[in-house]
Structure formats: C-alpha cells, structure tokens
Amino acid sequence: MKRRMCDAMPDMYVSVEAAWPSREREAMISAMWSGTQREEFLPLFPRGKCARWHVQLRYRFDEMFKLDAVTVLFEPVLALTHLPSNMEGLARCALQLASTATGSRLLQVQSLIIKGMRGHAWELSASPHGNHVLQLLITTTPHQLVAFIVAEFRGRAVGAAMHMTRSRILERLLEHCPLELTTPLIQELLPRVAELSQHRFGNFVVQRMIEHGGEAVRRDLAQRLAPHLQELTRCQHANIVVGAAFRHCSAEEQQILVHSLAAVPGGIRALLRSRHGSFVVRQMRLAGAFCDTKGAGRRSQPAA
C-alpha cells in the first residue's frame, strides 16, 4: 500500500504533530498530509492539484506486533476545507462521505463555508484568489446553494461583466445554472450587449449568453446586435461574438445578421479585406449563412 501511495503521490509530505497509543495493539498519529496525486488513489486528493488535509492515522498491529492495517481519518478543519483543491475533492466524494461519520462532518464544514460566504460573494468575486473559490463552488455545488451569488450580482451585472474577475463568475453562472436562476442577470445584460461585445472581458460573457441563454435570448441578442454589425465585425473582441452568433443562432436569426451586413453597399467586400471581418465571413460560410459580394443574403449548405 505504501509503495502504491508513493507512486500515486510522488511529492507526498506528512508532518507528524502528535502520536499516542489508543488501545491495545493500536496507535494514533495526528499529522498534516499534503501532496499532488499523479494517478487516482485517494478520492479527496484531486488528480494534478496539490491538496492539504489534517488527518489522523490509526495503525493496528497483530499479535506478533506486525503492522496489520492503517486507517486514514480526514479531520474537518475549517481553515483547510475551504481550499479550492479540497473543495473539489469534497464535491467528488459527497455521496460516499455523507454516509460516514467523519465524511458527514467534513460536508457540514463545507456547508458552514457556504453560509460564511453569504453576503460576501460580491467582495470575493473581485479577489484574485476568492474568485476561484466562487467559481469552484458554482461548478461543483447544486445550483440552489449558489443562488445567493446571483442575488448579490443582481443590479450589478453590467459592471461585473466588464470586470476582470467578476466576469468569470458571470460566465460560470451562465454555464452551470438553469435559466430560471440566471434570467434576471441576462435581462440586465441584454440592453448593453453591443457595448459588452467590444469589451475585452464583456465579450466572453456575451458568448456564454449566446451558448447557454436559450432560443429567446439568442433571438433578442441577434436583433440587438444587428444594427451595430458593421462596427462589431471590425472589432478584435466583438468579431468573436458575431462568429459565435452564427454558430449557435437559428437560420432565421442568422438571416437577421446577414441582411444587416448586406444593407451596406460593398459591406461584404470590405469585411473580406479586414482581418477581423474575414473571420466573421468564414463563420457565416461554415454556418451556411452565405452572403455574396453583391450584398444579397442567401442560405447555402454548410461547408464540409
């Protein structure tokens, strides 16, 4: 077992804090255990990420005082449970942990962490470290438990979309939460999609809206982008948003965009000569929403 453990976690480090006999032929060791799993061995240690746990090691010996078994008990230490790698390990093992005494205590500590974050999500989302904890919470926790994050972003969604780290929280919410939870945020963002599409952080949020917002949101988005399309297709950030719209929107919504481009004489020729605009034309052709150089939009078969 020791050899397999060392192979799975080459950088394993155990710092012994105390040792004592617990009962006949048994000894206990309290220690801090850290390391990065290279291959799956202990579920609470995510593969490829360094984790650190406070553990109790129970050693049991046979009648000849030879080592018979080693039991690892993970301790629910609040200062460690909130670490992103540890939270990921807890989320992966939640079902198994809930049925054991020690595991249930670990999960109870995680629930205390979520409770402690309530009312502070907006502040944490601006932290270069705290935003990663929130992102992990959103991606690994049932959406009912992260509704408080949505509540704290309401009325602030546009500002968050233009923020370096808060925009990431919006992206994760749009990716992992149901529409009924994120709709209030989407409704705040829609009137500003043309502006956000040209922003270096906001464009990523608009892309997630296109990908995960549903048909009604994509239709609204296409109608709001269409009047600004000539400008957007020449922007290094917004041209990617327009490309995403052609990939994910329905044929009807694509035609709204095509006709907007075709409305300007010579508009397609100008796009083909533009570095950013040529990308949009390629996306149009891949989607089958082809617009000829004379400005007449038509449907064609998607490119192979």
Side-chain angles (χ1 to χ4, degrees), residues 125-126 131 135 150 153-177 179 182-264 267-291 297:
S125 65
N131 84 89
Q135 289 185 70
V150 176
F153 271 64
R154 289 185 68 171
R156 301 162 160 176
V158 173
M162 295 182 175
H163 191 276
M164 182 175 67
T165 57
R166 286 175 174 144
S167 60
R168 300 172 190 169
I169 306 302
L170 280 177
E171 287 187 71
R172 301 296 89 75
L173 290 171
L174 292 166
E175 289 170 348
H176 296 276
C177 294
L179 267 177
T182 58
T183 292
L185 301 178
I186 291 173
Q187 292 304 315
E188 288 182 40
L189 295 167
L190 278 172
R192 304 281 291 276
V193 288
E195 177 186 357
L196 292 172
S197 296
Q198 299 175 75
H199 193 272
R200 59 175 179 158
F201 304 129
N203 80 88
F204 293 106
V205 176
V206 178
Q207 289 179 61
R208 302 297 90 76
M209 289 169 62
I210 293 170
E211 294 165 2
H212 305 282
E215 288 299 324
V217 171
R218 281 192 280 270
R219 189 179 308 112
D220 194 344
L221 227 151
Q223 292 170 347
R224 292 176 185 273
L225 291 177
H228 310 278
L229 220 54
Q230 292 292 334
E231 177 187 1
L232 297 177
T233 52
R234 289 168 172 79
C235 172
Q236 63 175 329
H237 303 304
N239 76 320
I240 301 174
V241 173
V242 177
F246 276 109
R247 288 196 303 275
H248 296 281
C249 286
S250 68
E252 179 184 353
E253 292 144 11
Q254 288 175 9
Q255 286 306 300
I256 295 174
L257 302 175
V258 167
H259 286 298
S260 175
L261 290 172
V264 178
I268 302 301
R269 287 194 185 96
L271 281 182
L272 288 168
R273 291 194 297 270
S274 163
R275 182 179 66 174
H276 303 307
S278 61
F279 167 80
V280 174
V281 175
R282 287 198 301 274
Q283 296 302 309
M284 289 165 57
R285 287 173 170 165
L286 288 171
F290 179 73
C291 193

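In this text, all values refer to a predicted model and were calculated from it rather than measured experimentally.
- How far NE2 of His259 is from CD of Gln254: 11.5 Å, rounded to the nearest 0.5 Å.
- Between Leu232 and Asn239, every side-chain heavy-atom pair lies at or beyond the 4.5 Å cut-off.
- A distance of 9.5 Å separates CZ in Arg200 from OG in Ser167, rounded to the nearest 0.5 Å.
- With a 4.5 Å cut-off on side-chain heavy atoms, Ser250 and Arg219 do not count as touching.
- In this structure, the side chains of Arg154 and Glu188 come closer than 4.5 Å at one or more pairs of heavy atoms.
- In summary, the side chains of Arg234 and Gln230 do present a donor paired with an acceptor at a separation below 3.5 Å, with no hydrogens or angles considered.
- Put simply, CG on Asn203 and CD on Gln236 are 9.0 Å apart, with the number rounded to the nearest 0.5 Å.
- You'll find the side chain of Leu185 reaches within 4.5 Å of the side chain of Leu173, heavy atoms only.
- Judged by distance alone, with hydrogens and angles left aside, the side-chain atoms of Gln207 form no donor-acceptor pair with the main-chain N or O of Val241 at under 3.5 Å.
- Counting heavy atoms of neighbouring residues, nucleotides and ligands inside a 6.0 Å radius, atom CZ of Phe204 does not exceed 12 of them.
- Residues Phe201 and Met162 have side chains not in contact (no heavy-atom distance under 4.5 Å, counting atoms from C-beta outward).
- Interatomic distance, Gln223 CD to Leu257 CG, rounded to the nearest 0.5 Å: 10.0 Å.
- The closest donor-acceptor contact from the side chain of Thr165 to the backbone of Ser125 lies under 3.5 Å.
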Check: Does the pair Arg208 and Leu170 meet the rule for a side-chain contact (heavy atoms from CB on, under 4.5 Å), with working shown?
Finding: CA-CA 9 Å; Arg208 302 297 90 76; Leu170 280 177; over 6 Å; no

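- When all heavy atoms of Val206 and Ser197 are compared, the closest pair comes out as CG1-OG, 3.8 Å.
- Atoms CD and CZ, from Glu252 and Arg218 in turn, are 13.0 Å apart once rounded to the nearest 0.5 Å.
- A donor-acceptor pair under 3.5 Å is absent between the side-chain atoms of Glu195 and the main chain of Arg192, judged by distance alone.
- Here the closest heavy-atom approach between residue Ala161 and residue Leu196 is recorded as CB-CD2, 3.9 Å.
- Salt bridge status for Arg172 with Glu175: present, with a side-chain N to carboxylate O gap under 4.0 Å.
- The side-chain heavy atoms of Val193 and Met209, taken from C-beta on, include a pair separated by under 4.5 Å.
- Looking at Asn131 and Ile169, their side chains come closer than 4.5 Å, going by heavy atoms from C-beta outward.
- A side-chain contact (heavy atoms from CB on, under 4.5 Å) with Ile210 holds for exactly one of Val242, Leu174, Leu221; it is Leu221.
- A donor-acceptor pair under 3.5 Å links the side-chain atoms of Gln198 to the main chain of Ala194, judged by distance alone.
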